Amino acid sequence: MDVKVKREIITKCILTWSVSILILCVSWNMNPLAYLDVTSWFARSGSLVAIVAAFSEWQLIKRLKAHHKWVQSCSIIHPASPHRLQAEQEMEDHFITPLGSIIEKSNIILILIGTVVWGYGDIIYKLVSA
C-alpha cells in the first residue's frame, strides 16, 4: 500500500476521533447552560458521534475499494497469470486487511460509545455532576 494512502486513512481515523471527542466535550459543557430548557445535550450528542463514526466507516470502505481497484488496474502482468493473483493477495494480506481492521474496530468502538451516550447520557451526566 502506498504510504500516502496509509497516511490518509490514519489521518481520517484521528480526525474522526477528534471530532467525536470535541462533540462530547462541547455538549457536556452545554448542559449547565440549559438552552431551550433542554438539559440533555450530552445525551443528544451521542447520536452525532454515531453518525460521525458511521460516515467514517463508509469513507474507509470507499477508499479501500478505490485503492484495490487501482492496484488491479495497474498490474502489468497478464490478468490470467497466477503471479498477479498472488501479488494482489499478498498486498491484501499485508497492508489493506490489517489497516482496515484497525480502523473498523475504531469506528465500531465510536458507534458503541455514541449509542451508550445517546441512550444513557442524561443518567451519566447526572451521576458524574452530582
Side-chain angles (χ1 to χ4, degrees):
M1 179 180 276
D2 190 324
V3 174
K4 180 181 172 189
V5 174
K6 202 177 214 180
R7 189 176 304 139
E8 176 187 347
I9 291 172
I10 291 171
T11 302
K12 285 184 179 179
C13 181
I14 292 170
L15 181 65
T16 301
W17 272 91
S18 300
V19 167
S20 298
I21 290 170
L22 179 69
I23 288 171
L24 291 173
C25 289
V26 167
S27 67
W28 184 271
N29 291 322
M30 283 178 64
N31 270 352
L33 301 177
Y35 292 124
L36 304 173
D37 293 329
V38 175
T39 58
S40 60
W41 288 109
F42 181 66
R44 292 170 187 264
S45 70
S47 64
L48 297 176
V49 170
I51 289 169
V52 167
F55 181 74
S56 174
E57 183 68 23
W58 174 65
Q59 288 290 338
L60 169 71
I61 291 169
K62 189 170 116 178
R63 184 63 178 111
L64 289 178
K65 282 183 180 179
H67 185 71
H68 189 65
K69 188 182 280 189
W70 177 79
V71 168
Q72 288 179 339
S73 68
C74 289
S75 179
I76 58 173
I77 303 172
H78 189 272
S81 171
H83 298 294
R84 175 180 178 202
L85 297 176
Q86 181 182 0
E88 288 176 9
Q89 188 61 44
E90 285 179 13
M91 187 175 138
E92 179 82 22
D93 292 344
H94 294 295
F95 297 107
I96 294 177
T97 303
L99 184 61
S101 176
I102 292 169
I103 306 293
E104 281 177 0
K105 289 175 186 170
S106 169
N107 286 333
I108 288 172
I109 290 170
L110 270 179
I111 289 173
L112 291 174
I113 290 171
T115 303
V116 168
V117 169
W118 191 0
Y120 301 101
D122 55 339
I123 297 170
I124 295 169
Y125 181 79
K126 286 179 183 177
L127 286 175
V128 172
S129 64

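Fair warning: this is a prediction, and the values are worked out from it, not measured in the lab.
- Following chains of ILVMFWY side-chain contacts shorter than 4.5 Å, one can reach I23 starting from L15, so the two form part of one hydrophobic cluster.
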Residues L60, E104; criterion side-chain contact (heavy atoms from CB on, under 4.5 Å); working and verdict: CA-CA 8 Å; L60 169 71; E104 281 177 0; 4.2 Å; yes

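- Here CD of E57 is found 13.5 Å from NZ of K62. Values are rounded to the nearest 0.5 Å.
- Remark: W17 engages S106 in a side chain to side chain donor-acceptor pair (under 3.5 Å) (not counting sequence neighbours).
- Interatomic distance, S45 OG to I51 CD1, rounded to the nearest 0.5 Å: 11.0 Å.
- Among all heavy-atom pairs drawn from I111 and A53, the shortest one is CG1-CB, 3.4 Å.
- Cluster annotation: L24 and I108 are assigned to distinct hydrophobic clusters (Ile/Leu/Val/Met/Phe/Trp/Tyr, side-chain heavy-atom contacts under 4.5 Å, transitive).
- Although no hydrogens or angles enter the test, the distance criterion places no donor-acceptor pair under 3.5 Å between the side chain of S56 and the main chain of V52.
- No continuous path of hydrophobic side-chain contacts links W58 to I103 [ILVMFWY only; heavy atoms under 4.5 Å].
- Clustering ILVMFWY residues whenever any of their side-chain heavy atoms sit less than 4.5 angstrom apart, transitively, puts I109 in the very cluster that holds V49.
- K105 contributes atom NZ, which lies 15.0 Å from atom CG of L110 (distance to the nearest 0.5 angstrom).
- From I10, atom CD1 reaches atom CD of E8 across 11.0 Å, with rounding to the nearest 0.5 Å.
- A continuous path of Ile, Leu, Val, Met, Phe, Trp and Tyr side chains, each step under 4.5 Å between heavy atoms, connects L48 with I113, placing both in one hydrophobic cluster.
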Audit row: F42, I124, side-chain contact (heavy atoms from CB on, under 4.5 Å) steps and yes/no: CA-CA 9 Å; F42 181 66; I124 295 169; 4.2 Å; yes

